[in-house]
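So you know, we letter chains A, B, ... as the sequences are listed, proteins then strands, and number each from 1.
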Amino acid sequence: MVRDKCRHLWNKTNLRDGFIVTENCYHCNKTRVYFSYEDAPPKDEYKEGEHYFNYAGSAQSMKFDLECEKCKTIVTFEERMGLMQCAGCDESCHLNILSKICEGQNIWVYAALAYKAGEEIDLSVDKLDVLTSHFTSRLRTPGKKILVVPGSLRKSPHTCRGEMLRDVGMLSLTPET
Amino acid sequence: MTVKELQSKLKLNALNEVGDTEVDGAFVSDMLSDVMAGAKAGNVWVTVQTHKNIVAAANLVDVPAIIVVRGKKVPEDTVQMADRVGVALFNTDLDTFQVAVKLFEAGVKPTA
């Protein structure tokens, strides 16, 4: 998709604000995460198949796509929900191991968390490369790099104590439904 | 102007080691998403937020210094994280507007 002759220089485009909404099924505790573009996060209960989903929390965030300023290629990131840095909670977690190895080389690892139809998925390798290229190209500190990796490097999304970069607790600024 | 010079001019309280990184512009916001979208490498970031994720966001966009305003107490894990990634962390009793004015008077301009 993006491995062509252009030495891409990616800039954010199509910035859009919204809410990362988390819901839980109160029968089986299944979690689903999605991005809402509404003015306030939806808090309605609803049934979907065997699940009864309840609002469990939300945070303000934004989505963006990346456009190459040279060749105008646009890579969309509708499924990308946010980035997180390892909190170092589990020595045997691959994200933790990789983060520690890279840190010594001034490479800072961020996991891209992505969701499709409420379920966590990994971004494609191409998209991870584009994000890595975008964030690294904006740096000024000599030798510093950003490496964006898939969220599945975490040992478990349920026990991981890393937190997504999002704006929790800013809801007083938005109208309640 | 370096981060160290900025600390001296604004009489900021340093919470960790302060380097000689050059400051180029300022960005004022209390939202991580704003910073990730709008802050430029070299900007000093002015905020009321103290959660350790401010450091993760600053590191992502190469912000060399964060000024926490209104005398907010910064948690130890935030300071440790700032040490780890080399971001200078300050707090001050001044409010956001006062810090913005002082930054401007010191020659630091808003980010384009």
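- Contacts of Leu139(A) with chain B are made by both backbone and side-chain atoms, with heavy-atom separations under 4.5 Å.
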Test Arg140(A) against Asp24(B) for side chain to side chain contact (heavy atoms under 4.5 Å, CB included), laying out the working first. CA-CA 11 Å; Arg140(A) 205 173 66 171; Asp24(B) 179 17; 3.2 Å; yes
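- Around NZ of Lys109(B), the count of heavy atoms belonging to other residues, nucleotides or ligands within 6.0 Å exceeds 12.
- Across all non-hydrogen atoms, the minimal contact from Ala56(B) to Leu165(A) is CB-CD2, 3.6 Å.
- Under a cut-off of 6.0 angstrom, the local environment of CZ in Phe104(B) is sparse, with at most 12 non-hydrogen atoms contributed by other residues, nucleotides or ligands.
- Taking chain A as the reference chain and counting heavy-atom pairs below 4.5 Å, the highest number among Asp77(B), Leu32(B), Asn59(B) is found for Asn59(B).
- Residues of residues 101-118 of chain A lying within less than 4.5 angstrom of chain B, judged on heavy atoms, are Glu103(A), Trp108(A), Tyr110(A) in numerical order.
- Side-chain N or O atoms of Arg138(A) include none that pairs as donor or acceptor with a backbone N or O of Leu60(B) at under 3.5 Å.
- Residues of residues 81-90 of chain A having a heavy atom under 4.5 Å from any heavy atom of chain B, listed by number: Leu83(A), Gln85(A), Cys86(A), Ala87(A).
- In the hydrophobic cluster analysis, where Ile, Leu, Val, Met, Phe, Trp and Tyr join through side-chain heavy atoms closer than 4.5 angstrom, Val75(A) is grouped together with Phe135(A).
- The local environment of NZ in Lys145(A) is sparse, with at most 12 non-hydrogen atoms from other residues, nucleotides or ligands closer than 6.0 Å.
- The 12-atom threshold is not exceeded at NZ of Lys11(B), counting heavy atoms of other residues, nucleotides or ligands nearer than 6.0 Å.
- Taking CG from Asn53(B) and CG from Asp167(A), the interatomic distance works out to 9.5 Å, rounded to the nearest 0.5 Å.
- His27(A) NE2: more than 12 foreign heavy atoms inside a 6.0 Å radius.
- With a 4.5 Å cut-off on non-hydrogen atoms, Leu15(A) touches chain B through its side chain but not through its backbone.
- Around NZ of Lys144(A), the count of heavy atoms belonging to other residues, nucleotides or ligands within 6.0 Å exceeds 12.
- For Tyr26(A), the OH atom is densely surrounded, since the number of other residues' heavy atoms within 6.0 Å is greater than 12.
- Put simply, of Val35(B), Thr21(B), Val85(B), the one with the most heavy-atom pairs under 4.5 Å next to chain A is Val85(B).
- Shown here for Ala37(B) and Met62(A), the closest heavy-atom pair between the two residues is CB-CE, 3.6 Å.
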